[in-house]
Every structure is written in C-alpha cells, then in structure tokens.
Protein chains: 2
Amino acid sequence: MTVKSEQTRQLVADVALRMFREIGFAKTTMRAIAAEAGISVGNAYYYFASKDDLVQELYLQVQAEHAARAAEALKDAADLTGRLKATLHTGLDAMAPYHRFGGDFIATAIRPTSPVNPFAAGSSAAREASLTIFRTAVEAAKPLAPKKLRPDLPELLWLCYMAVTLFWVYDTSEGQQRTRRLVDGAVPLITRGLSLARMPGVGRILDDFLSLSRSIRG
Amino acid sequence: MTVKSEQTRQLVADVALRMFREIGFAKTTMRAIAAEAGISVGNAYYYFASKDDLVQELYLQVQAEHAARAAEALKDAADLTGRLKATLHTGLDAMAPYHRFGGDFIATAIRPTSPVNPFAAGSSAAREASLTIFRTAVEAAKPLAPKKLRPDLPELLWLCYMAVTLFWVYDTSEGQQRTRRLVDGAVPLITRGLSLARMPGVGRILDDFLSLSRSIRG
DNA sequence: CCCTAAAATTGAACGTGTTCAAGAAAAGTA
DNA sequence: TACTTTTCTTGAACACGTTCAATTTTAGGG
C-alpha cells in the first residue's frame, strides 16, 4: 500500500516542520508530533529513523525552495555581483521561517555523523544540489570571472554561503537585517577582489592559495 | 566547608574529562561519571548545572593548556609567519587528546545558547582569553603588520583559528596531519597576503573590507 | 472468497539528561 | 555543649529520543 503509506510519511513531515516553525525544535517532541498527527510514536519512527532525519527533511525542503527562488531571481541578474546577491538573498529567504530553529539546526548539521552535515566526506546529494545553485550563478555571469579560478569559484562561494548562514543563525536583529547588510556589503567586495586576480603580485599568491585549496579538498 | 567541596568538584571534573577522552562524549553518561567518582548523580549536578557545563570545563582547560604552550613556543619565533604557526600548532596540540570528542564538542559549542559558544554576544571570558593569545602573537611580531589592519588582525586571525578547528574536527587523517599541513600552507599565504595591503589597487578594497568587518562586529 | 506474506502500526520499555523534595553534614552562634 | 543556618548529598521521579516484540492492516495469488 504505497499511497496511504506515502500520505502518512508526508503527514509526519508536515506536522513536524510546522511544529519546528511554530514552537521550535526542543518543544517539538516525537510524542507531540505523533499526537498531532494522530499516530503512535513508533509509527513516526517507521518513516523517520530519528529526529535528525526530520531535520534532513527540513533541509531538503529549504533547499528546494532556495533552488526555485534562485532560478527565478537569476533571470534578472547578469553580472556576478547581482547574481551572487540574488543567490544569497534567496537562500536567506528560504531559511527565514526557521530562524528561531537555526541554532538547533546548525548544531545537528555540524556533527560529523549527521546525515545533514554539508561537509560530510564524499558529496552528499544535498550539498551537491546546493553547489549547483552557485555553479549556475557563476557560469552564466558576464563578464566572466578570471579563468584561473573559475573552476574553484562555485565551491569557494558556497563556503562563503555557509559562513553567511552561520552569521544568520546568530543574527538576532529584526528580520535578520544585519545578515542582509552583510551580504550587500560583502558581495561587491568579493567581486572586486576577484578582479585583483590579474594583478602581477597577487597572481602568485592566488596560485598558491588555489593549489592549497585543491590539495585540501582532494 | 570549602576545601572538601572543591575536592568533590575537581573530582567530578577530572573523572568527566578523563572519560570524555577515553570513551567519548556519548558514552560518558552523568550516571557513569557519578558512579566512577563514587557520588550520586544529583551531587554532580550540584557542581555542574548540565553536561554542557562539563564541556565548558574542558574548554577552559584546553585553553589554559594552549596559552601555556603558546607562550613557550612564541619565545623562539620572531616573524609573524613563525609566530602564527606556533600559535596554531600549539592550539592543535592542546586539543589533540580530545579529537574523537570534537564533533560533540563543536555541536555543543555552536549552539547560540551554549555557555561555551565562542561567538556569543559580548565577549565571554573564554573567547577573550583565546583572543589574547593571538594579540600577543601579532603585537610582538617583527616586521610589524601593515598599520591600517593591525588593530583588526588578532580578531581576524582568531576567526581563522576557528575555521582551522572546524577543519580539524572533520580531519580523520592519522594524527590529523592534514590539518597540520593546512596550517603550514595557509599561514605563509596569510602573511604574504598581508604585505599586499600596501598595493594601490588592493588598498581601497581592504579599506572597505575593514569598514564592513567593523560595522558587522560593532 | 480465503490464505499467506509483507507492510504498517501500536504501545510498553530502556537508558538518557535533568530536577527536586528530603535528608545528612558542616559551619556558625550562644 | 546545644541550637540554627548554610552547605552538601541523596535517590527517586520526570520527560525525552529511541527500540522492538507483538499486533493489525493491506496486497497478491489461488
């Protein structure tokens, strides 16, 4: 019975994510989820092996939302600055409803054993999807980024995105405006910094940086 | 009765930290700590309000160890490259015994509500102590760093140290050699990068970067 | 329709971190 | 010494995430 089963699974996920949003991670107990969904605790565990797995469900949903919003916003942005801003801001938009839950989310995600961990060995599907957003942001940007760092740029920018996310978690300003300002201020710095890559003195250091960066990831 | 009390507190801390090292964070239950220390569970809670507080105890101890080792190593290092390497490597030395526990530690520390959180609002004593190590590493370095970013340098380097720590947590190579190589490779890049600060095209971007960095922290 | 295997569901049970009323021990006071 | 107050200690109890043997429900074939 696949249809009813899928319904139950979806019900659990929906109830859990709604409760995450409305009352936070800690107060959303597995018992409360089950009660709200009208099923038994064990049944929730039949579909999600752990509470962390529900966090992964959330992660996937936020990411899909990010991809959709970014694709839309990137239509109107041609240069790298605009495209990067669009990518980062839509990312923040997608996370926004879960801000109060950010601390618990990041604590779950950062654990090396977590299925949600973005730095996990190998490339998890979730991380790959997130990287793809940055790849399309960079690839279609005109003017093109300096050739020598073009292949590494998406991954480096994705890393910046992780840093922004961390900042966002700690940002208690109204609507997380500080993070918005950080993005607006940092992105032009990044793109202007990239143009320095062609300067003679900078080039050698950049080569060494890229070589180190590759050896670390390889 | 202050002496006996202090003994009990110290006993709990010692037992807990030893168990963290030997069997990891998860297996070190509060009941196991109490049993090993020969006291009741409630009594352990009289001295440490939570298991996270024991993590803070560990954090303080590792930091004191770092400060001591760094002070020693900095005696033999004059230039910034050497001093930075010494500071980072002694930091890794101090953490080394707890590597298996790194994932749990960082998950605890990153939570905004955690007493151990290094990014916590205001300057926690722990963070200030860690920052001081970087301040002395920078201040006494010859030749001096470019004037315009000298005041911000310790904090920026401390941030790099946090990044290195994160890398270290995920580093499963024998003895975390990869992190050691990262330090040895990245530090010369940083110091060489600093000397670029005086180049005309770079200067303006750097100014903007520093201004953004200050507005974010202020 | 009935029977069997698989899928789905239940709820009690386990070990965990944490709390707290109660009591024991120590310190202070006379 | 006898008392009060403060400090320290206990162990049972609570809610939590998680597990699992048992049970019910469904799917598929005769």
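Because its NZ or CZ atom is both nearer than 6.0 Å to the ring centre of A:W158 and within 45° of the ring axis, A:R127 counts as a cation-pi partner of that residue. Relative to the ring axis of B:Y45, B:K51 does not place its NZ or CZ within 45° and under 6.0 Å from the centre.
We find that CE of B:M19 is positioned 11 Å from P of C:dG17, with the value rounded to whole Å. Atom NZ of A:K51 is separated from atom P of D:dT19 by 15 Å (rounded to the nearest Å). Counting to the nearest Å, the P atom of D:dC20 and the CE atom of A:M30 are 15 Å from each other. Nucleotide C:dT9 holds its P atom 12 Å from the CD atom of A:E6, rounded to whole Å. Distance A:L11 CG to C:dA8 C1': 14 Å, rounded to the nearest Å. Here D:dG17 presents its C1' atom at 10 Å from CZ of A:F25, a figure rounded to the nearest Å. Spacing between atom CG of B:L54 and atom P of C:dG17 amounts to 11 Å, rounded to whole angstrom units. D:dT23 atom P lies 21 Å from atom CD1 of A:I39, rounded to whole Å.
One finds no side-chain N or O of A:S50 lying less than 4.0 angstrom from the OP1 or OP2 phosphate oxygen of D:dG17. For C:dG15, the OP1/OP2 oxygens have no side-chain nitrogen or oxygen of B:T29 closer than 4.0 Å. Phosphate contact (OP1/OP2 of D:dT9, side-chain N/O of B:S40, threshold under 4.0 Å): absent. Phosphate proximity of D:dT9 to B:Y46: absent, as no side-chain N or O sits under 4.0 Å from OP1 or OP2. Phosphate proximity of C:dC20 to B:Y45: absent, as no side-chain N or O sits under 4.0 Å from OP1 or OP2. For the OP1/OP2 pair of C:dA8 and a distance below 4.0 Å, the side-chain nitrogens and oxygens of A:N43 include no atom meeting the criterion.
When heavy atoms are screened at a 4.0 angstrom cut-off, B:F48 is found touching no nucleic acid atom at all.
Side-chain atoms of A:D52 and A:Q56, non-hydrogen and from C-beta on, never get closer than 4.5 Å to each other.
Distance alone, capped at 3.5 Å, is enough to place a donor-acceptor pair between the A:N117 side chain and the A:I110 backbone.
Of all nucleotides listed (D:dT9, D:dC16, C:dT16), C:dT16 comes nearest to the side chain of B:R31.
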Evaluate the criterion side chain to side chain donor-acceptor pair (under 3.5 Å) for residue pair B:S114 and B:T108; output intermediate values, then yes/no. CA-CA 7 Å; B:S114 166; B:T108 300; over 6 Å; no

